[in-house]
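Down below is the structure, laid out as C-alpha coordinates.
Throughout, protein chains are lettered first and strands after them, A, B, ... in sequence-line order, and every chain is numbered starting at 1.
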2 protein chains.
Amino acid sequence: MSKNIPEKVSNRLTLYHSIMVEYLEAGIDTISSPQIAQRLGIDDSQVRKDFKLLNNAGKCRVGYLVKDLKDSIEKTLGFAQAKDAFIVGAGHLGLALAKYDNFNSYGLNILALFDNDPQKVDMLVNNKQIFHISKLPNLVERLGVDIAILTVPRQYAQPVADFLVASKIKYIWNFTPAVLKVPPEVKVWNENIMGSFLQFACKDIIQ
Amino acid sequence: MSKNIPEKVSNRLTLYHSIMVEYLEAGIDTISSPQIAQRLGIDDSQVRKDFKLLNNAGKCRVGYLVKDLKDSIEKTLGFAQAKDAFIVGAGHLGLALAKYDNFNSYGLNILALFDNDPQKVDMLVNNKQIFHISKLPNLVERLGVDIAILTVPRQYAQPVADFLVASKIKYIWNFTPAVLKVPPEVKVWNENIMGSFLQFACKDIIQ
DNA sequence: TTGTTATTGTGAAATAAATCACAAAAATCC
DNA sequence: GGATTTTTGTGATTTATTTCACAATAACAA
(Lines give C-alpha, C1' and ligand atoms only; values in the text may rest on other atoms or scores of the structure.)
Protein backbone atom coordinates (compact mmCIF):
# COMPACT_ATOMS: atom_id res chain seq x y z
CA MET A 1 0.00 0.00 0.00
CA SER A 2 2.49 2.61 1.16
CA LYS A 3 4.61 3.53 -1.88
CA ASN A 4 8.15 4.74 -1.81
CA ILE A 5 7.61 8.30 -0.68
CA PRO A 6 10.99 10.05 -0.85
CA GLU A 7 12.13 11.68 2.37
CA LYS A 8 11.88 15.20 0.96
CA VAL A 9 8.32 14.60 -0.09
CA SER A 10 7.19 13.25 3.28
CA ASN A 11 8.82 16.24 4.88
CA ARG A 12 6.75 18.52 2.73
CA LEU A 13 3.65 16.41 3.36
CA THR A 14 3.82 17.15 7.09
CA LEU A 15 4.12 20.86 6.31
CA TYR A 16 1.12 20.66 3.99
CA HIS A 17 -0.66 18.81 6.77
CA SER A 18 -0.10 21.65 9.23
CA ILE A 19 -1.49 24.10 6.73
CA MET A 20 -4.57 21.89 6.23
CA VAL A 21 -5.15 21.80 10.00
CA GLU A 22 -4.92 25.58 10.07
CA TYR A 23 -7.31 26.02 7.15
CA LEU A 24 -9.81 23.59 8.65
CA GLU A 25 -9.73 25.49 11.93
CA ALA A 26 -10.32 28.68 10.00
CA GLY A 27 -13.29 27.06 8.27
CA ILE A 28 -11.79 27.31 4.79
CA ASP A 29 -12.47 24.20 2.75
CA THR A 30 -10.53 24.59 -0.46
CA ILE A 31 -6.92 25.50 -1.11
CA SER A 32 -4.87 25.95 -4.29
CA SER A 33 -1.33 24.86 -5.04
CA PRO A 34 -0.03 28.43 -5.53
CA GLN A 35 -1.40 29.38 -2.09
CA ILE A 36 0.48 26.53 -0.45
CA ALA A 37 3.59 27.10 -2.52
CA GLN A 38 3.81 30.76 -1.64
CA ARG A 39 3.39 29.97 2.03
CA LEU A 40 6.29 27.53 1.95
CA GLY A 41 8.43 29.40 -0.55
CA ILE A 42 8.45 26.53 -3.04
CA ASP A 43 7.28 25.97 -6.62
CA ASP A 44 3.55 25.40 -7.14
CA SER A 45 4.04 22.59 -9.64
CA GLN A 46 5.94 20.74 -6.96
CA VAL A 47 2.96 20.94 -4.66
CA ARG A 48 0.81 19.48 -7.40
CA LYS A 49 3.31 16.71 -8.11
CA ASP A 50 3.38 15.85 -4.40
CA PHE A 51 -0.41 15.72 -4.31
CA LYS A 52 -0.35 13.46 -7.33
CA LEU A 53 1.38 10.88 -5.14
CA LEU A 54 -1.57 11.07 -2.77
CA ASN A 55 -4.01 10.16 -5.56
CA ASN A 56 -5.97 13.21 -4.66
CA ALA A 57 -7.35 15.08 -7.63
CA GLY A 58 -7.94 18.80 -7.52
CA LYS A 59 -10.53 20.85 -9.35
CA CYS A 60 -9.66 23.45 -11.93
CA ARG A 61 -10.29 27.03 -10.86
CA VAL A 62 -11.06 25.80 -7.34
CA GLY A 63 -8.12 23.85 -6.00
CA TYR A 64 -8.12 20.95 -3.57
CA LEU A 65 -10.50 20.02 -0.80
CA VAL A 66 -8.74 20.71 2.49
CA LYS A 67 -10.42 17.87 4.36
CA ASP A 68 -9.63 15.31 1.66
CA LEU A 69 -6.02 16.43 1.43
CA LYS A 70 -5.58 16.19 5.18
CA ASP A 71 -7.05 12.71 5.21
CA SER A 72 -4.94 11.43 2.37
CA ILE A 73 -1.76 12.88 3.83
CA GLU A 74 -2.59 11.06 7.06
CA LYS A 75 -3.26 7.86 5.20
CA THR A 76 -0.10 8.10 3.15
CA LEU A 77 2.15 8.93 6.08
CA GLY A 78 0.55 6.17 8.11
CA PHE A 79 -0.99 8.37 10.79
CA ALA A 80 -3.90 6.01 10.75
CA GLN A 81 -1.86 2.91 11.47
CA ALA A 82 -0.77 3.65 15.03
CA LYS A 83 2.71 2.62 16.06
CA ASP A 84 3.69 2.09 19.70
CA ALA A 85 6.94 3.42 21.13
CA PHE A 86 8.91 3.83 24.34
CA ILE A 87 10.88 6.91 25.30
CA VAL A 88 14.22 5.98 26.82
CA GLY A 89 15.63 8.79 28.95
CA ALA A 90 13.29 10.95 31.01
CA GLY A 91 15.28 14.18 30.93
CA HIS A 92 13.84 17.40 29.58
CA LEU A 93 13.92 16.20 26.00
CA GLY A 94 12.24 12.90 26.87
CA LEU A 95 9.59 14.72 28.87
CA ALA A 96 9.08 17.27 26.08
CA LEU A 97 8.51 14.46 23.61
CA ALA A 98 6.19 12.65 26.04
CA LYS A 99 4.08 15.79 26.21
CA TYR A 100 4.23 16.50 22.50
CA ASP A 101 0.57 16.29 21.62
CA ASN A 102 1.42 15.93 17.96
CA PHE A 103 2.94 12.46 18.25
CA ASN A 104 -0.46 11.01 18.84
CA SER A 105 -2.13 12.74 15.97
CA TYR A 106 0.75 11.54 13.80
CA GLY A 107 0.05 7.95 14.78
CA LEU A 108 2.88 7.51 17.23
CA ASN A 109 1.71 6.18 20.54
CA ILE A 110 4.07 6.70 23.46
CA LEU A 111 3.29 3.92 25.93
CA ALA A 112 5.86 4.65 28.64
CA LEU A 113 9.17 6.24 29.55
CA PHE A 114 12.29 4.66 31.03
CA ASP A 115 15.09 6.11 33.14
CA ASN A 116 17.67 4.89 35.61
CA ASP A 117 17.05 7.68 38.13
CA PRO A 118 15.09 6.19 41.09
CA GLN A 119 13.65 9.65 41.79
CA LYS A 120 11.88 9.68 38.47
CA VAL A 121 10.62 6.11 38.53
CA ASP A 122 6.85 5.81 38.92
CA MET A 123 6.19 9.43 38.08
CA LEU A 124 3.47 10.08 35.51
CA VAL A 125 4.05 12.34 32.51
CA ASN A 126 1.08 13.09 30.34
CA ASN A 127 -0.51 9.90 31.73
CA LYS A 128 2.49 7.80 30.82
CA GLN A 129 4.44 6.06 33.54
CA ILE A 130 8.21 6.30 33.97
CA PHE A 131 9.69 2.85 34.61
CA HIS A 132 13.13 1.87 35.75
CA ILE A 133 15.20 0.99 32.70
CA SER A 134 15.59 -2.58 34.03
CA LYS A 135 11.88 -3.15 33.34
CA LEU A 136 12.29 -2.45 29.65
CA PRO A 137 13.09 -5.92 28.23
CA ASN A 138 10.05 -7.41 29.88
CA LEU A 139 7.71 -4.66 28.70
CA VAL A 140 9.11 -4.79 25.17
CA GLU A 141 8.14 -8.41 25.05
CA ARG A 142 4.77 -8.12 26.79
CA LEU A 143 3.59 -5.13 24.77
CA GLY A 144 5.27 -6.02 21.48
CA VAL A 145 6.84 -2.58 21.17
CA ASP A 146 9.65 -2.27 18.67
CA ILE A 147 10.35 1.46 18.52
CA ALA A 148 12.53 3.24 21.10
CA ILE A 149 13.04 6.99 21.17
CA LEU A 150 16.49 7.55 22.62
CA THR A 151 16.92 10.75 24.63
CA VAL A 152 19.69 9.93 27.09
CA PRO A 153 22.87 12.03 27.49
CA ARG A 154 25.50 11.41 24.83
CA GLN A 155 27.86 9.39 27.01
CA TYR A 156 25.16 6.79 27.74
CA ALA A 157 23.87 6.61 24.20
CA GLN A 158 25.92 3.62 23.03
CA PRO A 159 25.59 1.42 26.15
CA VAL A 160 21.86 2.11 26.31
CA ALA A 161 21.53 1.37 22.60
CA ASP A 162 23.30 -1.96 23.20
CA PHE A 163 20.78 -2.68 25.93
CA LEU A 164 17.90 -1.80 23.61
CA VAL A 165 19.27 -4.11 20.94
CA ALA A 166 19.60 -6.91 23.49
CA SER A 167 15.99 -6.22 24.52
CA LYS A 168 14.85 -6.82 20.92
CA ILE A 169 14.05 -3.24 20.03
CA LYS A 170 14.05 -3.00 16.22
CA TYR A 171 13.89 0.75 15.52
CA ILE A 172 15.80 3.45 17.36
CA TRP A 173 14.92 7.08 16.85
CA ASN A 174 18.14 8.62 18.03
CA PHE A 175 17.93 12.13 19.48
CA THR A 176 21.44 11.96 20.92
CA PRO A 177 24.40 13.36 19.01
CA ALA A 178 26.15 9.96 19.13
CA VAL A 179 26.37 7.83 15.99
CA LEU A 180 25.21 4.45 17.27
CA LYS A 181 26.77 1.11 16.46
CA VAL A 182 24.02 -1.48 16.02
CA PRO A 183 23.68 -4.78 14.18
CA PRO A 184 22.29 -4.52 10.65
CA GLU A 185 18.82 -5.79 11.55
CA VAL A 186 18.26 -2.83 13.85
CA LYS A 187 17.38 0.42 12.13
CA VAL A 188 18.50 3.78 13.49
CA TRP A 189 17.04 7.11 12.52
CA ASN A 190 19.31 9.97 13.51
CA GLU A 191 17.39 13.07 14.45
CA ASN A 192 20.05 15.47 13.48
CA ILE A 193 18.82 18.65 15.10
CA MET A 194 21.91 20.73 14.44
CA GLY A 195 22.64 19.54 10.92
CA SER A 196 19.93 21.22 8.99
CA PHE A 197 19.87 24.34 11.08
CA LEU A 198 23.57 24.96 10.78
CA GLN A 199 23.28 24.97 7.04
CA PHE A 200 20.47 27.49 7.28
CA ALA A 201 22.33 29.60 9.79
CA CYS A 202 25.64 29.53 7.96
CA LYS A 203 24.30 30.29 4.54
CA ASP A 204 22.50 33.38 5.70
CA ILE A 205 24.07 34.60 8.88
CA ILE A 206 27.70 34.12 8.07
CA GLN A 207 28.11 35.44 4.58
CA MET B 1 34.32 32.06 2.81
CA SER B 2 31.48 29.67 3.56
CA LYS B 3 30.52 28.03 0.25
CA ASN B 4 27.14 26.73 -0.70
CA ILE B 5 27.07 23.52 1.28
CA PRO B 6 23.89 21.62 0.30
CA GLU B 7 21.61 20.72 3.17
CA LYS B 8 22.19 17.00 2.80
CA VAL B 9 25.92 17.49 2.95
CA SER B 10 25.84 19.60 6.09
CA ASN B 11 23.62 16.98 7.64
CA ARG B 12 26.23 14.36 6.93
CA LEU B 13 28.98 16.68 8.14
CA THR B 14 27.46 16.78 11.62
CA LEU B 15 27.32 12.98 11.65
CA TYR B 16 30.96 12.79 10.57
CA HIS B 17 31.70 15.28 13.32
CA SER B 18 30.18 13.04 15.98
CA ILE B 19 32.27 10.15 14.73
CA MET B 20 35.40 12.32 14.91
CA VAL B 21 34.60 13.26 18.51
CA GLU B 22 34.19 9.59 19.33
CA TYR B 23 37.47 8.61 17.63
CA LEU B 24 39.36 11.42 19.34
CA GLU B 25 38.02 10.29 22.72
CA ALA B 26 39.13 6.77 21.89
CA GLY B 27 42.59 8.10 21.02
CA ILE B 28 42.44 7.03 17.37
CA ASP B 29 43.92 9.63 15.07
CA THR B 30 43.25 8.46 11.56
CA ILE B 31 40.07 7.30 9.87
CA SER B 32 39.28 6.07 6.36
CA SER B 33 36.29 6.83 4.16
CA PRO B 34 35.09 3.18 4.04
CA GLN B 35 35.12 3.06 7.86
CA ILE B 36 32.90 6.13 8.07
CA ALA B 37 30.71 5.00 5.18
CA GLN B 38 30.06 1.62 6.72
CA ARG B 39 29.16 3.21 10.04
CA LEU B 40 26.57 5.44 8.39
CA GLY B 41 25.40 2.99 5.75
CA ILE B 42 26.38 5.23 2.86
CA ASP B 43 28.77 5.05 -0.09
CA ASP B 44 32.45 5.64 0.63
CA SER B 45 32.99 7.81 -2.43
CA GLN B 46 30.34 10.11 -1.08
CA VAL B 47 32.29 10.54 2.12
CA ARG B 48 35.34 11.48 0.07
CA LYS B 49 33.35 13.91 -2.07
CA ASP B 50 32.02 15.55 1.09
CA PHE B 51 35.54 15.85 2.49
CA LYS B 52 36.65 17.38 -0.76
CA LEU B 53 34.35 20.31 0.04
CA LEU B 54 36.25 20.76 3.29
CA ASN B 55 39.56 21.14 1.43
CA ASN B 56 40.95 18.45 3.64
CA ALA B 57 43.23 16.04 1.82
CA GLY B 58 43.59 12.46 2.96
CA LYS B 59 46.57 10.18 2.66
CA CYS B 60 46.57 7.04 0.57
CA ARG B 61 46.62 3.82 2.55
CA VAL B 62 46.14 5.81 5.77
CA GLY B 63 43.00 7.89 5.51
CA TYR B 64 42.24 11.24 7.08
CA LEU B 65 43.52 12.86 10.25
CA VAL B 66 40.67 12.81 12.75
CA LYS B 67 41.70 16.06 14.42
CA ASP B 68 42.01 17.95 11.12
CA LEU B 69 38.70 16.65 9.87
CA LYS B 70 36.95 17.68 13.07
CA ASP B 71 38.45 21.15 12.84
CA SER B 72 37.55 21.68 9.24
CA ILE B 73 33.99 20.45 9.73
CA GLU B 74 33.68 22.96 12.56
CA LYS B 75 35.12 25.73 10.41
CA THR B 76 32.89 24.89 7.47
CA LEU B 77 29.71 24.65 9.49
CA GLY B 78 30.61 27.84 11.27
CA PHE B 79 30.98 26.32 14.74
CA ALA B 80 33.85 28.74 15.22
CA GLN B 81 31.83 31.84 14.47
CA ALA B 82 29.49 31.87 17.46
CA LYS B 83 25.94 32.98 16.87
CA ASP B 84 23.74 34.27 19.70
CA ALA B 85 20.15 33.15 20.10
CA PHE B 86 17.14 33.39 22.40
CA ILE B 87 14.82 30.51 23.26
CA VAL B 88 11.20 31.62 23.20
CA GLY B 89 9.00 29.29 25.25
CA ALA B 90 10.35 27.76 28.46
CA GLY B 91 8.40 24.50 28.36
CA HIS B 92 10.10 21.11 28.42
CA LEU B 93 11.37 21.49 24.87
CA GLY B 94 12.76 24.96 25.52
CA LEU B 95 14.43 23.74 28.71
CA ALA B 96 15.79 20.68 26.94
CA LEU B 97 17.33 22.87 24.27
CA ALA B 98 18.71 25.27 26.91
CA LYS B 99 20.47 22.33 28.53
CA TYR B 100 21.61 20.80 25.26
CA ASP B 101 25.37 20.94 25.75
CA ASN B 102 25.88 20.47 22.04
CA PHE B 103 24.53 23.84 20.98
CA ASN B 104 27.54 25.54 22.44
CA SER B 105 30.04 23.28 20.82
CA TYR B 106 28.20 23.84 17.55
CA GLY B 107 28.65 27.59 17.87
CA LEU B 108 25.15 28.45 18.96
CA ASN B 109 25.11 30.54 22.08
CA ILE B 110 21.84 30.59 23.99
CA LEU B 111 21.79 33.89 25.87
CA ALA B 112 18.41 33.68 27.57
CA LEU B 113 14.91 32.18 27.56
CA PHE B 114 11.55 33.92 27.41
CA ASP B 115 8.12 32.86 28.63
CA ASN B 116 4.88 34.51 29.68
CA ASP B 117 4.43 32.38 32.81
CA PRO B 118 5.24 34.57 35.85
CA GLN B 119 6.18 31.41 37.77
CA LYS B 120 9.03 30.72 35.43
CA VAL B 121 10.35 34.27 35.14
CA ASP B 122 13.74 34.81 36.79
CA MET B 123 14.48 31.11 37.07
CA LEU B 124 17.91 30.02 35.89
CA VAL B 125 18.36 27.12 33.48
CA ASN B 126 21.89 26.03 32.75
CA ASN B 127 22.99 29.51 33.87
CA LYS B 128 20.61 31.22 31.48
CA GLN B 129 17.89 33.45 32.86
CA ILE B 130 14.22 33.15 31.94
CA PHE B 131 12.75 36.59 31.19
CA HIS B 132 9.17 37.64 30.75
CA ILE B 133 8.40 37.76 27.06
CA SER B 134 7.72 41.50 27.30
CA LYS B 135 11.43 42.06 27.90
CA LEU B 136 12.35 40.53 24.55
CA PRO B 137 12.26 43.56 22.21
CA ASN B 138 14.55 45.50 24.48
CA LEU B 139 17.04 42.66 24.84
CA VAL B 140 17.02 41.92 21.12
CA GLU B 141 18.12 45.48 20.55
CA ARG B 142 20.62 45.74 23.41
CA LEU B 143 22.31 42.42 22.69
CA GLY B 144 21.99 42.48 18.91
CA VAL B 145 20.48 38.98 18.81
CA ASP B 146 18.74 38.03 15.61
CA ILE B 147 17.98 34.32 16.07
CA ALA B 148 14.96 33.07 18.01
CA ILE B 149 14.29 29.43 18.76
CA LEU B 150 10.54 29.04 18.95
CA THR B 151 9.28 26.35 21.33
CA VAL B 152 5.84 27.58 22.37
CA PRO B 153 2.65 25.49 22.04
CA ARG B 154 1.18 25.41 18.55
CA GLN B 155 -1.71 27.75 19.24
CA TYR B 156 0.65 30.54 20.29
CA ALA B 157 3.13 30.00 17.49
CA GLN B 158 1.76 32.57 15.04
CA PRO B 159 1.05 35.41 17.48
CA VAL B 160 4.44 34.93 19.13
CA ALA B 161 6.10 34.85 15.71
CA ASP B 162 4.39 38.14 14.88
CA PHE B 163 5.78 39.56 18.10
CA LEU B 164 9.27 38.31 17.22
CA VAL B 165 9.05 39.90 13.80
CA ALA B 166 7.95 43.19 15.35
CA SER B 167 10.90 42.89 17.74
CA LYS B 168 13.30 42.73 14.78
CA ILE B 169 14.20 39.07 15.05
CA LYS B 170 15.56 37.99 11.65
CA TYR B 171 15.79 34.19 11.91
CA ILE B 172 13.24 31.90 13.51
CA TRP B 173 14.09 28.27 14.18
CA ASN B 174 10.60 26.91 14.42
CA PHE B 175 10.14 23.82 16.62
CA THR B 176 6.35 24.15 16.60
CA PRO B 177 4.21 22.24 14.11
CA ALA B 178 2.69 25.51 12.83
CA VAL B 179 3.70 26.86 9.43
CA LEU B 180 4.47 30.50 10.25
CA LYS B 181 3.44 33.50 8.21
CA VAL B 182 6.27 36.04 8.23
CA PRO B 183 7.39 38.86 5.94
CA PRO B 184 9.94 37.87 3.29
CA GLU B 185 12.91 39.46 5.06
CA VAL B 186 12.48 37.13 8.03
CA LYS B 187 13.78 33.61 7.50
CA VAL B 188 12.09 30.60 9.09
CA TRP B 189 13.67 27.20 9.50
CA ASN B 190 11.07 24.54 10.21
CA GLU B 191 12.39 21.81 12.45
CA ASN B 192 10.18 19.15 11.14
CA ILE B 193 10.58 16.46 13.77
CA MET B 194 7.85 14.17 12.52
CA GLY B 195 8.47 14.54 8.80
CA SER B 196 11.63 12.61 8.43
CA PHE B 197 10.80 10.02 11.04
CA LEU B 198 7.43 9.19 9.56
CA GLN B 199 9.07 8.38 6.29
CA PHE B 200 11.49 6.08 8.09
CA ALA B 201 8.74 4.51 10.16
CA CYS B 202 6.34 4.01 7.29
CA LYS B 203 8.80 2.58 4.85
CA ASP B 204 9.95 -0.07 7.26
CA ILE B 205 7.30 -0.65 9.87
CA ILE B 206 4.22 -0.51 7.72
CA GLN B 207 5.02 -2.60 4.71
C1' DT C 1 -23.55 32.55 -24.64
C1' DT C 2 -18.82 33.61 -25.18
C1' DG C 3 -14.65 35.41 -23.72
C1' DT C 4 -11.53 35.70 -19.70
C1' DT C 5 -9.11 33.88 -16.02
C1' DA C 6 -7.43 30.82 -12.40
C1' DT C 7 -6.17 26.48 -11.77
C1' DT C 8 -4.87 21.67 -12.47
C1' DG C 9 -2.07 18.01 -14.55
C1' DT C 10 1.88 16.67 -16.85
C1' DG C 11 5.45 15.98 -20.29
C1' DA C 12 10.11 18.04 -21.16
C1' DA C 13 14.22 20.30 -19.59
C1' DA C 14 17.32 21.57 -16.15
C1' DT C 15 19.57 20.86 -11.89
C1' DA C 16 21.27 18.28 -8.08
C1' DA C 17 22.84 14.14 -5.77
C1' DA C 18 24.52 9.54 -5.49
C1' DT C 19 26.97 5.76 -7.35
C1' DC C 20 30.29 3.52 -10.15
C1' DA C 21 34.70 2.56 -11.80
C1' DC C 22 39.29 3.06 -11.99
C1' DA C 23 43.88 5.38 -12.15
C1' DA C 24 47.31 7.12 -8.88
C1' DA C 25 49.55 6.97 -4.50
C1' DA C 26 51.81 4.95 -0.72
C1' DA C 27 52.15 1.59 3.03
C1' DT C 28 53.23 -3.24 3.81
C1' DC C 29 54.83 -7.74 2.81
C1' DC C 30 57.88 -11.19 0.90
C1' DG D 1 63.20 -4.15 -4.67
C1' DG D 2 59.11 -5.50 -6.58
C1' DA D 3 54.49 -7.30 -5.90
C1' DT D 4 50.33 -6.64 -3.29
C1' DT D 5 46.97 -4.14 -1.04
C1' DT D 6 44.48 -0.35 0.81
C1' DT D 7 42.96 3.95 0.20
C1' DT D 8 42.37 8.43 -1.99
C1' DG D 9 40.68 11.49 -5.73
C1' DT D 10 37.84 12.12 -9.51
C1' DG D 11 35.81 11.85 -14.05
C1' DA D 12 31.66 9.50 -16.05
C1' DT D 13 27.24 7.67 -15.38
C1' DT D 14 23.04 7.08 -13.32
C1' DT D 15 19.33 8.35 -10.57
C1' DA D 16 16.47 11.63 -8.23
C1' DT D 17 14.43 16.15 -7.73
C1' DT D 18 13.02 20.55 -9.16
C1' DT D 19 11.58 23.82 -12.35
C1' DC D 20 9.57 25.23 -16.64
C1' DA D 21 6.04 25.57 -19.96
C1' DC D 22 1.78 24.89 -21.61
C1' DA D 23 -2.54 22.40 -22.96
C1' DA D 24 -6.89 21.23 -20.79
C1' DT D 25 -10.52 22.40 -17.71
C1' DA D 26 -14.06 24.73 -15.43
C1' DA D 27 -15.59 28.76 -12.88
C1' DC D 28 -17.01 33.41 -13.53
C1' DA D 29 -18.34 37.69 -15.71
C1' DA D 30 -20.37 40.50 -19.20
Please tabulate, one pair per line, each protein N/O and nucleotide N/O from nucleotides 15-21 of chain D that are separated by under 3.5 Å, including the distance.
from, atom 1, to, atom 2, distance (Å)
D/dT18, OP1, A/Arg12, NH1, 3.2
D/dT18, OP2, A/Arg12, NH1, 3.1
D/dT18, OP2, A/Arg12, NH2, 3.0
D/dT18, OP2, A/Gln46, NE2, 2.9
D/dT18, O5', A/Gln46, NE2, 3.1
D/dT19, O4, A/Lys49, NZ, 2.7
D/dC20, N4, A/Ser45, OG, 3.3

5' priority, DNA chain D, between B/Lys52 and B/Gln35 [closest heavy atom]: B/Gln35

Centroid-centroid under 6.0 Å between B/Phe131 and B/Phe86 rings: no

Donor-acceptor contact present, side-chain B/Asn190 to main-chain B/Asn192, <3.5 Å: no

B/Lys168 side-chain N/O to B/Asp146 backbone N/O, donor-acceptor pair under 3.5 Å: no

Polar side-chain atom of B/Ser72 near backbone of B/Asn56 as donor-acceptor pair, under 3.5 Å: no

Full working for side chain to side chain contact (heavy atoms under 4.5 Å, CB included) between A/Leu113 and A/Leu95: CA-CA 9 Å; A/Leu113 293 88; A/Leu95 298 181; 4.1 Å; yes

Rounded distance (Å) that lies between atom C1' of D/dT10 and atom CG of B/Leu53: 13 Å

Test of ring centre spacing under 6.0 Å for A/His17 and A/Tyr106: yes

Sidechain-backbone polar pair: B/Asp84 side chain, B/Val145 backbone, donor-acceptor under 3.5 Å: no

B/Asn11 CG - C/dA17 P separation (whole Å): 12 Å

Residues touching DNA chain C, which here means a heavy atom under 4.0 Å, drawn from residues 21-34 of chain A: A/Ser32, A/Ser33, A/Pro34

Electrostatic pair A/Glu7:A/Arg12 at N-O distance under 4.0 angstrom: no

Mutual orientation of the aromatic rings belonging to A/Tyr100 and A/Phe103 [parallel < 30°, tilted 30-60°, perpendicular > 60°]: perpendicular

Ring centres under 6.0 angstrom apart (A/Phe175, A/Trp173): yes

Interface with DNA chain D, restricted to residues 57-70 of chain A and to heavy atoms under 4.0 Å: A/Lys59, A/Cys60, A/Arg61, A/Val62

